[in-house]
Amino acid sequence: MKENHTIICYAAPMESLTTWVYRRTQAECFGAADKYFTPFLSPVSDGGFNRKELAEILPEHNDGLRVVPQILTAKAGDFLWAAKECRLRGYEEVNLNIGCPSGTVVSKKKGAGMLEDPKKLDAFLEEIFSGFDGAISVKTRLGLTSAEEFPAILEVLNRYPILELTIHARVRKAFYNGKADTESYEKAAADARMPLVYNGDVFCVKDAKKILENVPATKAVMVGRGLQCDPSLIRQIRGGDALTKEELRRFCDRLAEGYLETMKSEQNVMGRMKEHWHYMVQLFTEPLRYEKELRKAKRFSEFMSIVNRLFREQEIAEGAAFSGAYLK
Ligand SMILES: Cc1cc2nc3c(=O)[nH]c(=O)nc-3n(C[C@H](O)[C@H](O)[C@H](O)COP(=O)(O)O)c2cc1C
């Protein structure tokens, strides 16, 4: 047994990337994550879930995987409605998103916007924890503009039986830029009363080990962009083999096939695959040239011939991992 065999690894929620088709394909090709979080669902109690959201939580689509529906709302009534709907479909846990940095979300005081006023957050949590008897986990950031906000936020969170608290170690203002603030995470960990999941810039095995060494109380690590770049990252963190080009080819083909079955239009499939390739292209020895070509492709057949050429002409670079260097 390898020393890091027991590292618990979650796949982060990522809008339009970690869809049910992606989750199934990634699990089938590389072994399942310990948990997958759906991209956020934004329910409204009078309108329910939309078609896309329903597909994410359809039990058949998540068969055999531990999937946690993530809910983004500032209305306790909407949260409770959605949590109960998830529960009816057999989900044992739902996740509350209080970390989304998007301008439109924050301006409605949702996502990271909920971190602005700890008193309001307290009232919201009081309502959802008293109205729902299933497990609720929470995904947060360290604050809106400064990690100094976090002690007050944590004091509120500590009052509730949160199943697990995932901390993306950045403030809202940082979006996804700069380095994750692992020091503030360490400080937060000392005061948190619930199990903690670390998130932010875990792009390789070393990153995961470092977090667990520095903060042994960390129950699990959650990987987002790193897993989008290298779909075998979780296997590697658990002590398994590095990705091969053949494996990546098979994964990409399966993923595109899955989208073709569900989306029906090749243009839409191309759009989706472009989002994945934005990350995956970084694995290759000469990514820049292909990145631009892939991004600019107009038709699916053209896109696929670039992919074919990339696989033919380039190798996976040794030690390749996500790096935000040339991506916004
Ligand atoms: C394109 C994109 C979409 C995302 N969508 C969500 C989401 O739906 N819910 C959520 O909680 N976080 C979302 N995130 C944040 C990720 O879950 C994660 O917290 C972030 O990428 C940092 O982790 P990483 O450094 O491992 O990528 C998204 C991030 C990106 C880049």
Side-chain angles (χ1 to χ4, degrees), residues 7 9-20 22-23 26 33 35-43 49-50 52-53 56-57 67-74 79 82 93-106 110-115 136-143 164-182 184-185 196-208 210-211 218 220-231 233-234 236-237 271-272 274-280 282 321-325 327-328:
I7 296 181
C9 256
Y10 297 163
M14 292 179 81
E15 199 184 359
S16 77
L17 289 164
T18 59
T19 58
W20 67 273
Y22 167 85
R23 298 193 294 268
Q26 191 275 334
K35 282 183 190 174
Y36 291 91
F37 292 75
T38 70
F40 67 73
L41 315 169
S42 262
F49 291 119
N50 64 32
K52 214 167 80 186
E53 292 173 338
E56 286 303 316
I57 56 169
V67 173
V68 181
Q70 187 191 60
I71 302 170
L72 175 87
T73 180
F79 183 94
E93 170 188 349
V94 291
N95 182 263
L96 169 70
N97 177 330
I98 55 170
C100 179
S102 141
T104 47
V105 167
V106 171
K110 297 195 281 186
M114 294 182 85
L115 304 178
I136 301 174
S137 58
V138 173
K139 182 164 179 277
T140 187
R141 287 192 178 227
L142 290 167
E164 287 169 357
L165 176 67
T166 299
I167 301 179
H168 174 192
R170 281 189 176 83
V171 292
R172 184 262 168 171
K173 195 172 80 175
F175 283 83
Y176 301 100
N177 304 323
K179 280 208 172 108
D181 180 0
T182 47
S184 295
Y185 171 75
L196 287 186
V197 179
Y198 174 80
N199 173 238
D201 297 2
V202 174
F203 301 144
C204 62
V205 179
K206 216 169 86 201
D207 295 337
K210 202 163 149 204
I211 282 295
T218 304
V221 293
M222 176 186 272
V223 289
R225 293 166 297 171
L227 185 65
Q228 283 303 314
C229 179
D230 182 342
L233 178 61
I234 290 177
Q236 291 181 52
I237 291 175
R272 190 54 67 83
K274 278 185 181 183
E275 294 192 45
H276 289 291
W277 272 105
H278 176 73
Y279 294 91
M280 292 188 300
Q282 298 187 50
F322 176 84
S323 127
L327 297 170
K328 288 197 194 87

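Just so you know, ligand 1 is whichever comes first in the structure, and atom 1 is the first atom listed for that ligand. Computed from heavy atoms alone, side chains included, the values below leave out hydrogens, waters and symmetry copies.
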Sorted by chain and residue number, the side-chain contact (heavy atoms from CB on, under 4.5 Å) partners of Ser102 (sequence neighbours excluded) come out as Cys100, Thr104, Val105

Next item on the list: For the pair Asn97 (side chain) and Phe40 (backbone), establish whether a donor and an acceptor sit closer than 3.5 Å, ignoring hydrogens and angles.
Entry: no

Q | Distance-only donor-acceptor check, side chains Tyr10 and Glu164, under 3.5 Å | A | yes

The side-chain contact (heavy atoms from CB on, under 4.5 Å) partners of Thr218 (sequence neighbours excluded) come to Tyr185, Tyr198, Ile211, Leu212, Val215

*Report the C-alpha distance between Glu56 and Arg23 in whole Å, list the side-chain angles of each, state the deciding distance to 0.1 Å, and finish with yes or no for salt bridge (charged side-chain N to carboxylate O under 4.0 Å, His left out).*
CA-CA 10 Å; Glu56 286 303 316; Arg23 298 193 294 268; 2.6 Å; yes

Residues passing the side-chain contact (heavy atoms from CB on, under 4.5 Å) test with Ala112, sequence neighbours excluded, are Val106, Leu115, Leu144, Arg172

Distance filter under 4.0 Å, heavy atoms only, around ligand 1 gives Ala12, Pro13, Met14, Glu15, Pro39, Phe40, Gln70, Asn97, Lys139, His168, Tyr176, Asn199, Gly200, Asp201, Phe203, Val223, Gly224, Arg225, Tyr279

